[in-house]
Amino acid sequence: ELNCNGVVHLRAYFRLTDYSLEDITKVSQLAGLLGHMPTAKHDALTLQQEIKRWTGSMGFSIITRTEIGQNKNCAPYLTAFVSALEESREQAWSLLAEILTSTRFDDHGKMIEMFRQNELGARQRILGAGHLIGVKHVLSHYSADGAVKNALDGEPAARYIRALAKKPEKELP
């Protein structure tokens with residue numbers, strides 16, 4: 001425990017080592033939907049309002065952990081994090097649990113809209129820093145960590161984001 005002047009932080013890590021690189025690419029898009037889709041208790045707008053009301057920040061991402069000097073293995077994790085004032089801790093943690101356990105993925109219209117926004121963002125990143133796609137591809141051949149990072153943010157991810165935006169009905173299942 002660290003003194004954070006009344007702010008509490010929670011990080012939860014969910015190991016994704018049983019997934020293929022292709023699946024990791026798909027899970028990364030799923031992580032982008034968390035906190036933006038309705039849950040069993042809240043519609044998407046109300047959920048966003050509750051997140052702003054009770055938390056300072058909340059997010060979901062995929063990270064990798066590698067032991068120093070280890071190139072052949074790494075462990076990808078879905079990470080969920082929330083920061084809140086001490087007096088809002090229970091509400092913040094409850095919202096995080098709600099999102100992780102009862103997010104509804106039945107609003108396909110909202111999902112398609114988000115996928116199309118993601119594609120525009122991906123295009124802008126490629127135009128602004130396309131050389132990084134090539135670097136990620138090259139590094140993917142030298143380490144497990146590089147391969148996972150390429151699947152998350154390299155050419156395979158860009159290709160999958162495009163497929164989601166162009167033919168979401170095929171990819172949604």
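All values below come from the heavy atoms of this structure, side chains included, with hydrogens, waters and symmetry mates left out.
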Distance in Å, [X] [atom1] paired with [Y] [atom2], rounded so as to fall on 0.5 Å steps:
X	Y	atom1	atom2	value
I133	R125	CD1	CZ	7.5 Å
S61	L78	OG	CG	7.5 Å
I62	T79	CD1	OG1	8.5 Å
K149	I24	NZ	CD1	13.5 Å
R123	E119	CZ	CD	4.0 Å
S57	H9	OG	NE2	7.5 Å

Check for me, please, whether [X] and [Y] land in the same ILVMFWY cluster - side-chain distances under 4.5 Å, paths through other members count.
X	Y	answer
L30	L100	yes
Y13	V27	no
M58	F81	no
L33	I112	yes
L132	V138	no

Closest heavy-atom contact between [X] and [Y]?
X	Y	result
T101	A97	OG1-O, 2.7 Å
F60	A31	CB-O, 3.7 Å
Y77	R65	CE1-CG, 3.8 Å
F115	I161	O-CG2, 4.4 Å
E86	V8	OE1-CG1, 3.0 Å
M37	L47	O-CD2, 3.3 Å

Does [X] reach the side chain of [Y], with side-chain heavy atoms less than 4.5 Å apart?
X	Y	answer
Y160	E171	yes
V82	L95	no
N150	L139	no
V148	L21	yes
N73	T66	no
Q29	L164	yes

Hey, is the main chain of [Y] close enough, under 3.5 Å, to the side chain of [X] for a donor-acceptor pair?
X	Y	value
T55	A92	no
S94	Q91	no
T39	H42	yes

- Kindly write out the residues that satisfy side chain to side chain contact (heavy atoms under 4.5 Å, CB included) with Q48, not counting sequence neighbours, or none if the list is empty.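 For Q48 the side chain to side chain contact (heavy atoms under 4.5 Å, CB included) partners, ignoring immediate neighbours, are H36, I51.
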
- Query: Can we say E113 and R116 salt-bridge, meaning some charged N sits less than 4.0 Å from an Asp/Glu carboxylate O?
  - Reply: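 Result for this pair is no, no salt bridge flagged.
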
- Item | Whether over 12 other heavy atoms sit under 6.0 Å from E169 CD |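 Correct, the count exceeds 12.
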
